[in-house]
Amino acid sequence: MPELPEVEVTRQGIAEPLAGARVLAIRMGKPLRWPLGIDLHALAGAVVGAAARRGKYIWLPISRPPAEAGGLLLHLGMSGSLAWMAGVAPPAGAHDHFDLVTDRGTLRLNDPRRFGAVLWSPALDQDPAATLLARLGAEPFDTDLTAERFHAALRRRRAPIKGVLLAGDVVVGAGNIYACEALFAAGIHPLLRADHVSRPRAARLLEAVRNTLARALALGGSTLRDFSDAHGMAGTYQQQAQVYGRAGEPCRRCPATVRRRVLAQRATYFCPGCQKR
DNA sequence: CGGGACGCCTGTGAGC
DNA sequence: TGCTCACAGGCGTCCC
């Protein structure tokens, strides 16, 4: 579910209430993708730092002198969301699988499908975090990611451009919704081979990825079914989607009809009129 | 090595 | 009404 905008909106919602909060307890529900990797009681008394984000991962640094510091790496998977609850939290529901109880309130992960993860790592550049983050491409808003570098990276890939965006090893953040939307904005057919994207089109695509993610972020992300930010607010980007989820409906820019086809196991939406190979 | 399929898990909506 | 099936925002792992 959550792509970069949803994750970033979530991070923004938890950063302030959590910074400086003291951990009282951790509660786990059903198993998530991986084991937590630290004893449940080991963090009692520890202090949470400033929440950060890398790709679709959230990093919560935690200091716990005299024991060594570390942090929790969180991922929302397909159906996860975090909620910040000031004061005493209500009882956990069937899909509440992680609570970080602090002296200020509780951070709760709700994740029906349990593809999400919460795991302890001594640092971002140490395992297990390091291995998970090693495969990630550039942050989309990193100014080091120039059009030239983006184009050079695409030229090394023969897979369809949509698949390369989704893989996240060139640029992170665009999942299935925003990859479709960015390709539409750039006028590029999702099946076009990445190494066939011209230099000017690569520049357009990079801009489209950035604009699409920034716009979604400003709108609080997309809420297709049940995503909400840390304060329970739904996103509204989905109402502005140009192609995602609009198969059979008219294109908003040309007379053609939006189409859906499956590419690398994922539904892919595009306008055959606006998006060219 | 790059690329694609698989599997993880549960809920929902469509169709019968 | 109730069942079955396809599908859903991600991604690590395995196999070619």
Side-chain angles (χ1 to χ4, degrees), chain A residues 1-10 29-35 37 53-58 73-82 93-98 109-119 127-137 153-183 190-196 209 212-213 216-217 219-229 234-241 243-248 260-269:
Chain A
M1 144 209 266
E3 305 182 34
L4 186 145
E6 291 76 26
V7 175
E8 176 60 17
V9 148
T10 298
K30 289 185 182 177
L32 293 165
R33 182 158 197 169
W34 298 293
R53 181 191 56 74
R54 174 73 175 102
K56 298 170 191 172
Y57 288 91
I58 289 175
L73 193 66
L74 287 78
H75 197 290
L76 302 180
M78 285 278 271
S79 57
S81 61
L82 288 169
H95 301 307
D96 296 327
H97 302 304
F98 173 81
L109 174 70
N110 180 279
D111 186 3
R113 291 176 73 179
R114 291 191 281 133
F115 291 169
V118 180
L119 52 97
D127 280 336
T131 296
L132 290 173
L133 302 183
R135 69 188 75 249
L136 299 186
L154 294 187
R155 279 193 308 182
R156 289 182 225 112
R157 305 290 291 275
R158 318 173 82 174
I161 183 63
K162 160 88 180 323
V164 172
L165 287 180
L166 267 191
D169 47 6
V170 171
V171 59
V172 294
N176 209 31
I177 297 178
Y178 303 123
C180 289
E181 294 295 307
L183 285 167
L191 287 177
L192 176 65
R193 276 170 54 155
D195 59 349
H196 290 179
V209 167
T212 301
L213 295 178
L217 180 57
L219 292 172
S222 295
T223 297
L224 296 191
R225 166 163 286 129
D226 52 10
F227 173 77
S228 60
D229 70 16
T236 61
Y237 179 91
Q238 72 283 358
Q239 297 164 13
Q240 327 237 330
V243 288
Y244 186 86
R246 299 192 64 242
R260 173 192 189 275
R261 55 179 297 171
V262 176
L263 194 166
Q265 326 300 112
R266 309 299 298 277
T268 299
Y269 300 88

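In what follows, every chain begins at residue 1, and chains take the letters A, B, ... in the order their sequences are listed.
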What's [X] touching, base or sugar-phosphate or nothing? Going by heavy atoms closer than 4.0 Å.
| X | value |
| --- | --- |
| A:Tyr57 | sugar-phosphate |
| A:Pro160 | sugar-phosphate |
| A:Arg193 | nothing |
| A:Tyr244 | sugar-phosphate |
| A:Ala167 | nothing |

Gap between atoms [atom1] and [atom2], on [X] and [N] respectively (whole Å):
| X | N | atom1 | atom2 | result |
| --- | --- | --- | --- | --- |
| A:His97 | B:dC9 | NE2 | P | 11 Å |
| A:Trp34 | B:dG7 | CH2 | P | 18 Å |
| A:Leu76 | B:dT10 | CG | P | 18 Å |
| A:Asp111 | C:dA8 | CG | P | 18 Å |
| A:Leu166 | C:dG9 | CG | P | 9 Å |
| A:Leu74 | C:dG10 | CG | P | 17 Å |
| A:Ile58 | C:dC11 | CD1 | P | 12 Å |
| A:Lys30 | B:dG11 | NZ | P | 7 Å |

Does any non-hydrogen side-chain atom of [Y] lie less than 4.5 Å from one of [X]?
| X | Y | answer |
| --- | --- | --- |
| A:Tyr57 | A:Leu133 | yes |
| A:Leu76 | A:Leu109 | yes |
| A:Glu181 | A:Val243 | yes |
| A:Leu165 | A:Val170 | no |
| A:Arg54 | A:Val172 | yes |
| A:Glu6 | A:Tyr178 | yes |

Between [X] (side chain) and [Y] (backbone), is there a donor-acceptor pair under 3.5 Å?
| X | Y | value |
| --- | --- | --- |
| A:His97 | A:Lys30 | yes |
| A:Thr268 | A:Arg266 | yes |
| A:Gln240 | A:Tyr237 | no |
| A:Arg158 | A:Asp195 | no |

What's the verdict on side chain to side chain contact (heavy atoms under 4.5 Å, CB included) for A:Leu4 and A:Arg53, showing C-alpha distance, side-chain angles and the deciding distance? CA-CA 9 Å; A:Leu4 186 145; A:Arg53 181 191 56 74; 3.1 Å; yes

Can you pull every protein N or O that's under 3.5 Å from an N or O on nucleotides 13-15 of chain B?
none

Assign each of A:Arg33 and A:Ala94 to its nearest nucleotide of DNA chain B by heavy atoms, then name whichever residue's nucleotide is nearer the 5' end.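 The answer here is A:Arg33.
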
[atom1] gap between [N] and [M], integer Å:
| N | M | atom1 | result |
| --- | --- | --- | --- |
| C:dC14 | B:dC9 | P | 16 Å |
| C:dC7 | B:dA5 | P | 15 Å |
| C:dA6 | B:dC6 | P | 14 Å |

Is it the case that B:dC9 (base atoms only) and A:Arg113 (side chain only) share a donor and an acceptor within less than 3.5 Å, ignoring hydrogens and angles?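 Answer yes: a donor N or O sits under 3.5 Å from an acceptor.
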
With pairs defined as Watson-Crick or G-U wobble and both distances under 3.5 angstrom, please note down DNA chain B as a dot-bracket string, | for pairing with another strand. .|||||||.|||||||

Does a nitrogen or oxygen in the side chain of [X] sit under 4.0 Å from OP1 or OP2 of [N]?
| X | N | value |
| --- | --- | --- |
| A:Arg114 | B:dT10 | yes |
| A:Arg156 | B:dC1 | no |
| A:Tyr178 | C:dG10 | no |
| A:Arg157 | B:dG3 | yes |

Counting only side-chain heavy atoms from C-beta out, which of C:dG10, B:dT10, B:dA5 sits nearest to A:Gln265?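 Nearest nucleotide to the side chain: B:dA5.
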
Of all the choices, C:dG9, C:dC11, B:dG4, which nucleotide is nearest to the side chain of A:His75 once you look at every atom?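 So the side chain of A:His75 is nearest to C:dC11.
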
Looking at B:dC9 and A:Phe115: do their rings stack (centroid distance under 5.5 Å, interplanar angle under 30°)?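 Given the distance and angle limits, no, they do not stack.
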
